[in-house]
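Below: one structure, written as structure tokens.
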Amino acid sequence: PFDMLIVGGGPAGAAAAVYAARKGIRTGIAAERFGGQVNDTMTIENYVSVLETDGPKFAAALEAHVKEYEVEIMNLQRAEALIPAATPGGLVEIKLANGGALKARTVILSTGARWRHVGVPGEQEYKNKGVAYCPHCDGPLFKGKRVAVIGGGNSGVEAAIDLAGIVAHVTLVEFGDALRADAVLVNKLKSLPNVTIHVNAQTTEFTGAAGKLNGLSYTDRVSGEARHVELEGVFVQIGLVPNTEWLKGVVELSKQGEIIVDAKGQTSLPGVFAAGDATTVPFKQIIIATGDGAKAALGAFDYMMRLPAL
Ligand code: FAD
């Protein structure tokens, strides 16, 4: 069995693997797609000490760093179930989609999250060519330009307020008849001079030309009229979904499906730790996920030190 088995090979999992391996313990990492969300990222400009890089390069660097150590990498492996240890301090089992099973004294869950898509024509085509999902990451790329934010919940309204300070103009598009964000955020948004809000607006298409986004179409759900807004960027903010469906009922999850962790990354199950976007740790960013992975690995090592030998 492994001393530490990491499930998920994004920034959080890679950092956990490096920290675990440096303790000289038997470490494994199983990932559906090594690199995680970073693979889908264009430019990364906010990983402090790396002025600028791109997603595939960053993902390759994560893998190269893990390979510097004795870590068993099991890429293209999806975990389907977690079976808690039968006795305190016993082995935790991870069942894989390929029928195999892995056992470990400690497990780190770092399966990340995925942005919910609007699912309209143009979204895939103009992804990273005007269609964005992360204001902290891509907001500065639209400095002085016109953007829209899709979604009037807390994350959408926060994004709109944030972007209004950077871009020329923000159009907020909400499907429902009112913004669902906290009143204090809605009031703040309404006080900004360069923001337009459309409620009852169903986004129908992201339009573009010459490989670049140039606007969005929506239907006014009250009048039935079709409208078009010209702009250079769209931020989709209709939810970040943690990849934790397979853990439901086994590990304590928040209402949003995030794995609930304490300050050391410990979950509700002894010996099972978690890190990164899949958890309740706020602000989903690479630098936060890597730090969190390191923390969970040290937390798990700390826990392991106190266990009797098998
Ligand atoms: P993830 O990167 O999501 O990795 C999860 C890992 O778990 C993957 O290996 C996945 O294959 C695996 N996995 C999932 N389910 C299972 C399973 N059941 N079994 C086995 N493996 C599984 N952040 C920044 O700081 N700067 C940026 O510029 C930036 N730009 C971004 C641009 C885009 C388009 C996107 C989508 C995100 C961006 N982010 C950016 C956010 C950043 O990528 C994430 O915060 C970060 O990748 C989270 O790391 P993670 O390791 O927690 O999860």
Side-chain angles (χ1 to χ4, degrees), residues 5-18 28-59 62-63 66 73-82 94-98 100 102 107-117 123-124 126-141 234-237 239-248 250-251 257-259 261 265 274-297:
L5 174 65
I6 297 146
V7 184
V18 168
I29 181 166
E32 201 170 354
R33 185 172 65 139
F34 205 95
Q37 291 170 66
V38 169
N39 287 306
D40 307 321
T41 305
M42 285 288 275
T43 345
I44 301 169
E45 298 179 344
N46 57 1
Y47 194 82
V48 176
S49 81
V50 179
L51 226 49
E52 195 193 326
T53 184
D54 63 51
K57 241 194 247 169
F58 192 88
L62 287 177
E63 192 164 353
V66 173
I73 301 181
M74 294 157 278
N75 199 5
L76 309 177
Q77 296 299 333
R78 188 160 57 87
E80 276 192 338
L82 184 152
I94 297 287
K95 286 204 180 300
L96 300 174
N98 73 0
L102 304 167
V107 166
I108 295 186
L109 303 167
S110 51
T111 48
R114 58 192 189 271
W115 293 95
R116 191 170 277 136
H117 289 187
E123 184 171 20
Q124 282 303 328
Y126 300 113
K127 200 172 182 177
N128 288 327
K129 294 169 186 153
V131 177
Y133 295 84
C134 173
H136 307 303
C137 314
D138 297 339
L141 305 178
V234 171
F235 285 82
V236 177
Q237 295 291 300
L240 183 65
V241 189
N243 300 318
T244 56
E245 290 86 352
W246 63 289
L247 297 165
K248 219 172 164 188
V250 183
V251 176
E258 297 167 324
I259 304 166
V261 288
D277 279 17
T279 72
T280 45
V281 169
F283 308 120
K284 313 305 191 198
Q285 293 283 281
I286 300 167
I287 200 159
I288 292 173
T290 48
D292 212 38
K295 189 155 48 105

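Here the structure is a predicted model, which is why all the values come from computation and not from measurement. Both ligands and their constituent atoms are indexed starting at 1 by order of listing. Sequential numbering from 1 along the given sequence is applied to the chain's residues.
The contact set between ligand 1 and R78, taken as ligand atoms under 4.0 Å from a residue heavy atom, comprises 17 (C), 18 (N), 19 (N), 20 (C). Near S110, the atoms of ligand 1 lying under 4.0 angstrom from a non-hydrogen atom of the residue are 5 (C), 6 (C), 7 (O). Interface of A113 with ligand 1, defined as ligand atoms under 4.0 Å from a residue heavy atom, comprises 3 (O). The ligand atoms of ligand 1 that sit less than 4.0 angstrom from a heavy atom of A289 are 48 (C), 49 (O), 52 (O). Annotation for ligand 1: atoms under 4.0 Å from non-hydrogen atoms of D40 are 34 (C). Here is the list of ligand 1 atoms found below 4.0 Å of a heavy atom in G9: 6 (C), 7 (O), 8 (C), 9 (O). Listed by number with element, the atoms of ligand 1 under 4.0 angstrom from any heavy atom of A31 are 9 (O), 21 (N).
At a heavy-atom cutoff of 4.0 Å, ligand 1 is contacted by no atom of Y47, backbone or side chain.
The protein heavy-atom contact nearest to atom 20 (C) of ligand 1 is Q77 O, 3.3 Å. Considering only non-hydrogen protein atoms, atom 41 (C) of ligand 1 sits nearest to K284 O, 4.0 Å. Nearest to atom 51 (O) of ligand 1 among the protein's heavy atoms is A12 N, 2.9 Å. Nearest protein neighbour of atom 2 (O) of ligand 1, counting heavy atoms only, is Q37 N, 3.0 Å. Ranking protein heavy atoms by distance to atom 44 (C) of ligand 1, first place goes to D277 OD2, 3.3 Å. For atom 12 (C) of ligand 1, the closest heavy atom belonging to the protein is G8 CA, 3.8 Å. For atom 25 (O) of ligand 1, the nearest non-hydrogen atom of the protein is I286 N, 2.8 Å. Scanning all protein heavy atoms for the shortest distance to atom 53 (O) of ligand 1 gives G112 CA, 3.2 Å.
Not a single heavy atom of R114 sits under 4.0 Å from any atom of ligand 1. The closest approach between Y133 and ligand 1 stays at or above 4.0 Å for every heavy atom of the residue. In this structure, T43 is part of the shell of residues with a heavy atom less than 4.0 angstrom from ligand 1.
With sequence neighbours excluded, no residue satisfies salt bridge (Lys or Arg N to Asp or Glu O under 4.0 Å) with K57. Residues passing the ring-ring contact (aromatic ring centres under 6.0 Å, His included) test with H136: none are found, sequence neighbours excluded.
Using a 4.5 Å heavy-atom cutoff, the side chains of Q285 and C134 are in contact. In this structure, the side chains of V66 and V18 come closer than 4.5 Å at one or more pairs of heavy atoms. For the pair N98/Q77, a side-chain contact is recorded, criterion being any heavy-atom separation below 4.5 Å from C-beta on. At least one side-chain heavy atom of S110 sits under 4.5 Å from a side-chain heavy atom of I6.
To the nearest 0.5 angstrom, L62 atom CG is 6.5 Å from F34 atom CZ. Atoms NZ and CD1, from K295 and I108 in turn, are 11.5 Å apart once rounded to the nearest 0.5 Å. To the nearest 0.5 angstrom, D292 atom CG is 13.0 Å from F283 atom CZ. Atoms CG and CD1, from N46 and I286 in turn, are 6.5 Å apart once rounded to the nearest 0.5 Å. Here the CG atom belonging to D54 is positioned 7.5 Å from the OG1 atom belonging to T43, to the nearest 0.5 angstrom. Interatomic distance, L141 CG to N128 CG, rounded to the nearest 0.5 Å: 9.5 Å.
Tested against D40 for a side-chain hydrogen bond (donor to acceptor under 3.5 Å, both in side chains), the candidates R114, R33, K127 yield a single pass: R33.
Between C137 and ligand 1, no pair of N/O atoms sits closer than 3.5 Å. Residue contacts with ligand 1: N46 is placed with a nitrogen or oxygen under 3.5 Å of a nitrogen or oxygen of the ligand (distance criterion only). Looking at R33 next to ligand 1, an N or O pair under 3.5 Å apart turns up. Every N/O-N/O distance between W115 and ligand 1 stays at or above 3.5 Å. When only interatomic distances are considered, the shortest N/O to N/O separation between E45 and ligand 1 does not fall below 3.5 Å. Taking distance alone, with nitrogen or oxygen atoms compared against 3.5 Å, A79 approaches ligand 1 more closely than that limit. Taking any N or O of A275, backbone or side chain, none lies under 3.5 Å from an N or O belonging to ligand 1. Checked by distance only, ligand 1 and G276 stay at 3.5 Å or farther apart across all their nitrogen or oxygen atoms. Of the polar atoms of I287, none of the N or O atoms is found under 3.5 Å from an N or O of ligand 1, judged by distance alone. The shortest N or O to N or O distance between E32 and ligand 1 is under 3.5 Å.
Classification of the Y47-F58 ring pair by plane angle, with boundaries at 30° and 60°, yields perpendicular.
Closest heavy-atom approach to atom 15 (N) of ligand 1 among the candidates T53, I94, T111: T111. Summarising the contacts of atom 33 (C) of ligand 1 with T41, I6, V38, the nearest heavy atom is found in T41. The residue among G35, G10, A97, P11 with a heavy atom at the shortest distance from atom 49 (O) of ligand 1 is P11.
The pair E32-R78 meets the salt-bridge criterion, since a charged nitrogen lies less than 4.0 angstrom from a carboxylate oxygen.
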Yes or no on side-chain contact (heavy atoms from CB on, under 4.5 Å) for L240 and Y133, after CA distance, side-chain angles and deciding distance? CA-CA 9 Å; L240 183 65; Y133 295 84; over 6 Å; no

Step-by-step side-chain contact (heavy atoms from CB on, under 4.5 Å) determination, L102 to M74: CA-CA 11 Å; L102 304 167; M74 294 157 278; 3.8 Å; yes

As a quick check of understanding, evaluate side-chain contact (heavy atoms from CB on, under 4.5 Å) for V7 and L82, giving each step before the final call. CA-CA 10 Å; V7 184; L82 184 152; over 6 Å; no

